[in-house]
Amino acid sequence: MRFAMAIDLDRCIGCRTCAVVCKDFNAQPQGIWWNRVFTSGTPEYDVAVKVDDQLRMEFVPISCQHCSDAPCQTVCPTQATYTDADTGTVLIDYDRCIGCRMCASACPYGVRQYSWGKPAKMVGLDGAAQAYGYPEAYYDGDHLVYTPERPEGVMEKCTFCAQYTSQGKEPACCRACPGNARIFGDMDDASSPIRQYLDGKETFTLGDEYRTHPNVYYLAAHKVSQVDQVSAADGKEA
């Protein structure tokens with residue numbers, strides 16, 4: 001079994017729903033985002049870029065790439081970062097993590113987050129503090145890979161929602177995406193949703209020069225803008 005995710009950039013509308021539900025379902029502390037969405041071609045979010053004299057805006061969600069050859073795992077001095085032998089998912093054992101941030105230095109994708117404090121409770125309409133995130137701690141064997149109240153000073157990142165996928169459910173970002181841009185499954189199973197979706201399609205991975213062999217696959221955007229459609233129609237009329 002090898003869990004993987006495909007992200008179809010043609011379907012992504014840049015709404016950041018994935019980032020919000022990821023933060024909520026995983027009880028992430030303030031200032032931490034396991035999922036982020038960037039606008040291709042510009043360092044600023046939601047800014048169009050000019051391509052062939054036409055303005056275009058394409059979004060690229062980025063989180064942990066769950067590399068088969070993960071440099072973050074290689075440099076971890078306590079083996080807190082490890083690859084789950086059953087699913088191929090890169091996880092962090094919060095009991096072992098000492099917050100040295102060596103993994104953040106080694107990660108070429110900049111997705112590691114450092115937890116400076118415990119998650120702040122959200123306040124409900126009645127003024128009372130509300131719990132959020134999966135309510136119970138989840139252990140992968142003897143590894144604590146999720147807890148709604150993490151210890152201070154540990155590293156964090158996407159876990160493919162291990163607390164949910166262990167129950168046969170999809171990660172929260174996949175379930176919530178309004179454009180169905182995220183497809184999850186087992187790359188070793190020809191009948192899995194991701195294998196069926198990717199069949200015959202061209203994909204790419206981020207940072208091939210790093211030779212990390214990510215398990216997050218992207219499908220390039222081929223959107224046709226309204227301006228292009230009008231131009232094409234004018235050309236036909238001419």
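Because the structure is predicted, anything quoted here is derived from the model rather than measured.
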Peer 1: Within this structure, what is the OH-OG distance for the pair Y139 and S166, rounded to the nearest 0.5 Å?
Peer 2: 14.0 Å

Peer 1: Hydrophobic clustering (ILVMFWY, side-chain heavy atoms < 4.5 Å, transitive) - are Y94 and V75 grouped together?
Peer 2: no

Peer 1: Looking only at non-hydrogen atoms, find the nearest pair between C72 and C103 and report the distance.
Peer 2: CB-CB, 3.7 Å

Peer 1: Please evaluate residues Q65 and T212 with respect to the criterion side-chain hydrogen bond (donor to acceptor under 3.5 Å, both in side chains), reporting the C-alpha separation (whole Å), side-chain torsions for both, the decisive distance (0.1 Å), and the verdict.
Peer 2: CA-CA 9 Å; Q65 302 295 293; T212 58; over 6 Å; no

Peer 1: Compare all side-chain heavy atoms of F3 with those of N215 and state whether any distance is below 4.5 angstrom.
Peer 2: no

Peer 1: Report yes if some heavy atom in the side chain of L206 is under 4.5 Å from a heavy atom in the side chain of I62; otherwise report no.
Peer 2: yes

Peer 1: Just by distance, with hydrogens left out, do R11 and N180 show a side-chain donor and acceptor under 3.5 Å apart?
Peer 2: no

Peer 1: Classify the angle between the aromatic ring planes of Y134 and Y164 as parallel (below 30°), tilted (30 to 60°) or perpendicular (above 60°).
Peer 2: perpendicular

Peer 1: State, yes or no, whether a side-chain contact exists between C173 and M5 at a heavy-atom distance under 4.5 Å.
Peer 2: yes

Peer 1: Quick one, P61 and R182 - any side-chain contact, counting heavy atoms below 4.5 Å?
Peer 2: yes

Peer 1: At what distance, to the nearest 0.5 angstrom, does CG of D84 lie from NE2 of H143?
Peer 2: 8.5 Å

Peer 1: Pick out which of V216, V90, L91 makes a side-chain contact (heavy atoms from CB on, under 4.5 Å) with F160.
Peer 2: V216

Peer 1: Who are the side chain to side chain donor-acceptor pair (under 3.5 Å) partners of D208, not counting sequence neighbours?
Peer 2: T205

Peer 1: Please say yes or no: joined through hydrophobic side-chain contacts below 4.5 Å, possibly via intermediate residues, are I98 and M102 part of one cluster?
Peer 2: no

Peer 1: Starting at OG1 of T81, measure out to NZ of K157 and round the result to the nearest 0.5 Å.
Peer 2: 7.5 Å

Peer 1: Less than 3.5 Å apart, any donor N or O on the side chain of Q163 or N26 sitting next to an acceptor on the other?
Peer 2: yes

Peer 1: With sequence neighbours left out, what residues match E156 under salt bridge (charged side-chain N to carboxylate O under 4.0 Å, His left out)?
Peer 2: R150

Peer 1: Does Y82 have R96 sitting over its ring (NZ/CZ under 6.0 Å from centre, angle to axis within 45°)?
Peer 2: no

Peer 1: Test your reading of the model: is there a side-chain donor-acceptor pair from D95 to the backbone of L144, 3.5 Å cut-off?
Peer 2: no

Peer 1: Following the transitive rule for hydrophobic clusters with a side-chain heavy-atom cut-off under 4.5 Å over Ile, Leu, Val, Met, Phe, Trp and Tyr, establish whether I32 and M155 coincide in one cluster.
Peer 2: yes

